[in-house]
Participant: 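Pasting in a structure now, in structure tokens, and then I'll have a few things to ask.
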Amino acid sequence: NFWEVPEPAQKKANYDQSLQYYNKALEIVTASGDELNRGRILQSIAAVYNQNGNADKALKNNLEAIEIYKKLGENARAGDALYAIGVTYKQLGKPQIAIGFLNEALESGIKNNVGGIHWIYESLAEANYDAGNYKESRDLYVRFINTRDSVLNLEKSKMILDMENKYQA
């Protein structure tokens, strides 16, 4: 798993080392023609650039990853990259652009039934607030709270059921 190699370096904020590992992995998967993992590594490189404050390079890598995912029909992964781009634009103080990407990520997430929709609602609420769309922001924040609480309740219900099953066994 090439994209997992630099994880310890990334957690210690050793961005240069992380980028070295990821770029080496990118060379290897590019030479092998493994486009899916190429997209995954580009997205990981984008995450490092976001963490070290280089948003322009993060955007470039995420946009390239999206093109790969769309070409391969990996719509859920493309949605994840759209979310990352939306968050980056939000952090850059460009909420209108962020809203466009986050709405696309939301549509993709709903269509592909992926988890984490509540985080998209939260980011959309924040971007709309920053753009001065206060009513829309409030409505999205309510959706965030409702979906987040639904996920937490489902996880707690599963835990309780597991404990009951273990107790009865």
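Keep in mind the model is a prediction, meaning the values are calculated, not measured. Just so you know, these numbers use all the heavy atoms, side chains as well, and skip hydrogens, waters and symmetry mates.
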Participant: Are Gln43 and Asn61 close enough that some pair of their side-chain heavy atoms sits under 4.5 Å apart?
Facilitator: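 No, every pair of side-chain atoms sits at 4.5 Å or beyond.
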Participant: Rounded to the nearest 0.5 Å, how far does CD1 of Ile41 lie from CG of Asp34?
Facilitator: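 So the CG of Asp34 and the CD1 of Ile41 are separated by 7.5 Å.
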Participant: Test side chain to side chain contact (heavy atoms under 4.5 Å, CB included) on Glu122 and His118; report intermediate values, then the result.
Facilitator: CA-CA 6 Å; Glu122 181 184 39; His118 55 290; over 6 Å; no
Participant: Apply the test ring pair (Phe, Tyr, Trp, His ring centres under 6.0 Å) to residues Tyr141 and Tyr121: give CA-CA distance (whole Å), side-chain angles for both, the deciding distance (0.1 Å), then the verdict.
Facilitator: CA-CA 7 Å; Tyr141 193 74; Tyr121 282 129; over 10 Å; no
Participant: If hydrophobic clusters are built from ILVMFWY residues whose side chains come within less than 4.5 Å, do Leu63 and Leu19 share one?
Facilitator: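 Leu63 does not cluster with Leu19.
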Participant: Just verifying a value: how many Å separate Ile66 CD1 and Glu104 CD, rounded to the nearest 0.5 Å?
Facilitator: 7.5 Å
Participant: Taking the side chain as every heavy atom from C-beta outward, state whether Gln96 and Asn133 have any pair of such atoms under 4.5 Å apart.
Facilitator: yes
Participant: Between Ser108 and Asp80, is there a donor-acceptor pair closer than 3.5 Å when you use the side chain of the first and the backbone of the second?
Facilitator: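 Absent.
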Participant: Determine whether Val87 and Leu140 fall in the same hydrophobic cluster, where Ile, Leu, Val, Met, Phe, Trp and Tyr are linked whenever their side-chain heavy atoms lie under 4.5 Å apart.
Facilitator: yes
Participant: State plainly whether one hydrophobic cluster holds both Leu42 and Leu72, where clusters connect Ile, Leu, Val, Met, Phe, Trp and Tyr through side-chain heavy atoms under 4.5 angstrom apart.
Facilitator: yes
Participant: What pair of heavy atoms forms the shortest contact from Ala84 to Asn62, and how long is it?
Facilitator: CB-ND2, 3.6 Å
Participant: Mind listing the closest non-hydrogen atom pair of Val48 and Ser18 along with its distance?
Facilitator: CG2-CB, 4.0 Å
Participant: Applying the 4.5 Å side-chain criterion to the ILVMFWY set and letting contacts propagate, would Val142 and Ile120 be lumped into a single cluster?
Facilitator: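 Shared cluster, no.
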Participant: Measure across Ser137 and Ala125 and return the closest heavy-atom pair with its distance rounded to 0.1 Å.
Facilitator: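 Between these two residues, the closest heavy atoms are OG-O, 2.8 Å.
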Participant: Using the rule that Ile, Leu, Val, Met, Phe, Trp and Tyr join whenever any side-chain heavy atoms are under 4.5 Å apart, tell me whether Tyr15 and Leu26 fall into a single cluster.
Facilitator: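 Tyr15 and Leu26: one cluster.
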Participant: Could you give the distance from OG1 (Thr88) to CD1 (Ile97), rounded to the nearest 0.5 Å?
Facilitator: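 The distance works out to 12.0 Å.
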Participant: With heavy-atom distances below 4.5 Å as the criterion, would you say the side chains of Arg40 and Asn37 are in contact?
Facilitator: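 They are in contact (side-chain heavy atoms under 4.5 Å apart), so the answer is yes.
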Participant: Between Lys70 and Glu67, does the salt bridge (charged side-chain N to carboxylate O under 4.0 Å, His left out) criterion hold? Intermediate values first, please.
Facilitator: CA-CA 5 Å; Lys70 286 183 177 180; Glu67 292 307 313; 5.2 Å; no
Participant: Kindly give the heavy-atom pair with the smallest separation between Glu136 and Asn128, and that separation in Å.
Facilitator: CG-OD1, 3.5 Å
Participant: State the OG-CD1 distance between Ser123 and Ile99, to the nearest 0.5 angstrom.
Facilitator: 11.5 Å
Participant: Rounded to the nearest 0.5 Å, what's the gap from CG on Asn23 to OG1 on Thr30? Could you check?
Facilitator: 9.5 Å
Participant: Which atom names give the shortest non-hydrogen contact between Ala127 and Leu102, and what distance separates them?
Facilitator: CB-CD1, 4.2 Å
Participant: Could you tell me whether the side chain of Leu36 reaches within less than 4.5 Å of the side chain of Tyr69, counting heavy atoms only?
Facilitator: yes
Participant: Any side-chain heavy atom of Phe144 sitting closer than 4.5 Å to one from Leu124?
Facilitator: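 The answer is no; the side chains never approach within 4.5 Å.
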Participant: Any idea which heavy atoms bring Arg38 and Val29 closest together, and the distance?
Facilitator: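 Closest heavy-atom pair between Arg38 and Val29: CA-CG2, 3.7 Å.
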Participant: Salt-bridge test for Asp139 and Lys135: reply yes if a basic N is under 4.0 Å from a carboxylate O, no otherwise.
Facilitator: yes
Participant: How about Tyr89 and Leu59: do any of their side-chain heavy atoms sit closer than 4.5 Å?
Facilitator: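 When only atoms from C-beta onward are counted, Leu59 and Tyr89 do touch, with a gap below 4.5 Å.
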